[in-house]
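Only one structure is covered here, and it is reproduced in the block below.
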2 protein chains.
Amino acid sequence: MIEDSRKILSEHSVSITNPRILVLEALLEFGNPITIDELQSKLKGAVAKSTLYRVLNDLKKIKILNEFTSPDNSTVVELILEDHSHHHHLFCSDCGEVIDVELSEEFEIMLNKEIEKVQKNFNFEITDHRVEMFGLCTDQCSNCK
Amino acid sequence: MIEDSRKILSEHSVSITNPRILVLEALLEFGNPITIDELQSKLKGAVAKSTLYRVLNDLKKIKILNEFTSPDNSTVVELILEDHSHHHHLFCSDCGEVIDVELSEEFEIMLNKEIEKVQKNFNFEITDHRVEMFGLCTDQCSNCK
DNA sequence: ACAGTAAATGAGAATAAGTCTCATTTATTT
DNA sequence: AAATAAATGAGACTTATTCTCATTTACTGT
Ligand SMILES: [Mn+2]
Ligand SMILES: [Mn+2]
Ligand SMILES: [Zn+2]
Ligand SMILES: [Zn+2]
């Protein structure tokens, strides 16, 4: 995992530093979208708060980190590596878990057609979209029992 | 408009107070999703900051206010009255404008089918969804020229 | 209309996520 | 190994939102 992190950094010509490795490792290990709070507690103070935010910004700049706000207003980040393709998110309103969801290709095609229509109607240039689903994990989520 | 505001409040058995009327009037007059910042400037200090947030919470409690975060992290609110049906949002990454968008019925039907699948796959109970589109208004938006 | 009571308000203090500053440390290049 | 630019840590700062509490206001029953 340390090697994965080093590789990611060097492939993006970002200098290899301890805080960057630690943050990447934590993200890789968790493997799911994670709250900044959770991330901080996984790091157990090994990286200063200011540095954590700087590293997250660095990762955003090289386009391997995605950031969004969950319905309870916490900031969530996730790595987007090569294998990580276009997908959407499912939020548990109870425990706050965020789950990656891939929707069917037919659906994405239809959504793109809708987007075409919206572009024309509003004379917009739409560059991205997001589908979010909210609900309750019923029994299998890692936080709720 | 004052009468509309009074009516909305009494219909939801919320006591009719000046700050509540002022906030409702501003929202009704603007008629679109609005940033809390913009809302505050429309109110020109007529409502104390703490009261504004309280009133917005009151409106959320009676389920006539929707709140979400725009991609630039500002908080956006909108009234959801009877006529205001299910819809989604389009964000201009340049000027921050937020536009209501209604997608086709066929699309929503298909999305609901996708949601059915996700519910089963993840053993979730999905209660709501959101489609967000991001891009640039090309010429007609009220803020960019 | 009036008094009594609970609810709502205003002003400003408190909280907390995220940013910034600056002195020190570290990574990279030679 | 030295030189240099970049990155870091610690804590100050900013700013959106919440909280506190003394005062004001809206509703209820008379
Ligand atoms: Mn994801
Ligand atoms: Mn809307
Ligand atoms: Zn859950
Ligand atoms: Zn615009």
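Predicted model, so just to flag it, every value in this text is computed and none were measured. Labels below follow one simple rule: chain letters A, B, ... track the order of the sequence lines, proteins then strands, and each chain is numbered from 1.
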For ring pair (Phe, Tyr, Trp, His ring centres under 6.0 Å), just list the numbers for B:His88 and A:His129, CA-CA rounded to whole Å, side-chain angles, deciding distance to a tenth of an Å, and then say yes or no. CA-CA 11 Å; B:His88 299 288; A:His129 70 262; over 10 Å; no

Between B:Phe91 and A:Phe124, does the ring centre distance come in under 6.0 Å? no

Under 6.0 Å between ring centres: does that hold for A:Phe68 and A:His89? yes

How many Å lie between [atom1] on [X] and [atom2] on [N], as a whole number?
| X | N | atom1 | atom2 | value |
| --- | --- | --- | --- | --- |
| A:Leu9 | C:dT28 | CG | C1' | 14 Å |
| B:Ile36 | D:dT17 | CD1 | C1' | 9 Å |
| B:Leu56 | D:dA16 | CG | P | 15 Å |
| A:Asn73 | C:dA17 | CG | P | 12 Å |
| B:Asp72 | D:dA16 | CG | C1' | 14 Å |
| B:Gln40 | D:dT15 | CD | P | 13 Å |
| B:Asp58 | D:dT17 | CG | P | 16 Å |
| B:Leu39 | D:dT17 | CG | C1' | 14 Å |

If you define the side chain from C-beta out and look only at heavy atoms, does anything of [X] sit under 4.5 Å from [Y]?
| X | Y | result |
| --- | --- | --- |
| B:Thr35 | B:Leu39 | no |
| A:Glu11 | A:Arg6 | no |
| A:Leu52 | A:Gln40 | yes |

Quickly, which of A:Val55, A:Asn57, A:Asp58, A:Leu27 forms a side chain to side chain contact (heavy atoms under 4.5 Å, CB included) with A:Leu65? Name it, please.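 Only one of A:Val55, A:Asn57, A:Asp58, A:Leu27 forms a side chain to side chain contact (heavy atoms under 4.5 Å, CB included) with A:Leu65, namely A:Leu27.
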
Side chain of B:Val47 - closest among D:dT17, C:dG10, D:dT8: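 In terms of side-chain proximity for B:Val47, the closest of D:dT17, C:dG10, D:dT8 is C:dG10.
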
What are the two closest heavy atoms between [X] and [Y], and how far apart are they?
| X | Y | result |
| --- | --- | --- |
| A:Phe122 | B:Asp100 | CZ-O, 3.7 Å |
| B:Ile21 | B:Leu9 | CG1-CD1, 4.2 Å |
| A:Cys92 | A:Cys95 | SG-N, 3.4 Å |

Pull out every residue in residues 61-68 of chain A that has a heavy atom closer than 4.0 Å to any atom of DNA chain D, ordered by number, or say none.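 Result for residues 61-68 of chain A: none.
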
How does protein contact run along nucleotides 18-30 of chain D, one letter per nucleotide 5' to 3', with B for base contact, S for sugar-phosphate only, - for none, heavy atoms under 4.0 Å? BBB-----SS---

Tell me if a side-chain donor or acceptor on A:Gln119 pairs with a main-chain N or O of A:Glu125 at a distance below 3.5 Å.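 Looks like no, no N/O pair under 3.5 Å.
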
How would you list, by chain and number, every residue that makes a side-chain contact (heavy atoms from CB on, under 4.5 Å) with B:Ile80, sequence neighbours excluded?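 Here the qualifying residues are B:Asn66, B:His84.
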
Pairing residues for A:Glu106 by the side-chain contact (heavy atoms from CB on, under 4.5 Å) criterion, not counting sequence neighbours: A:Ser104, B:Met110

Contacts under 3.5 Å, N or O only, protein and nucleotides 1-6 of chain C:
none

Axis bend over the full length of the helix from C:dA1-D:dT30 to C:dT30-D:dA1, computed from five pairs that close each end, to 10 degrees: 40°

Residues, nucleotides or ligands: over 12 heavy atoms within 6.0 Å of A:Glu105 CD: no

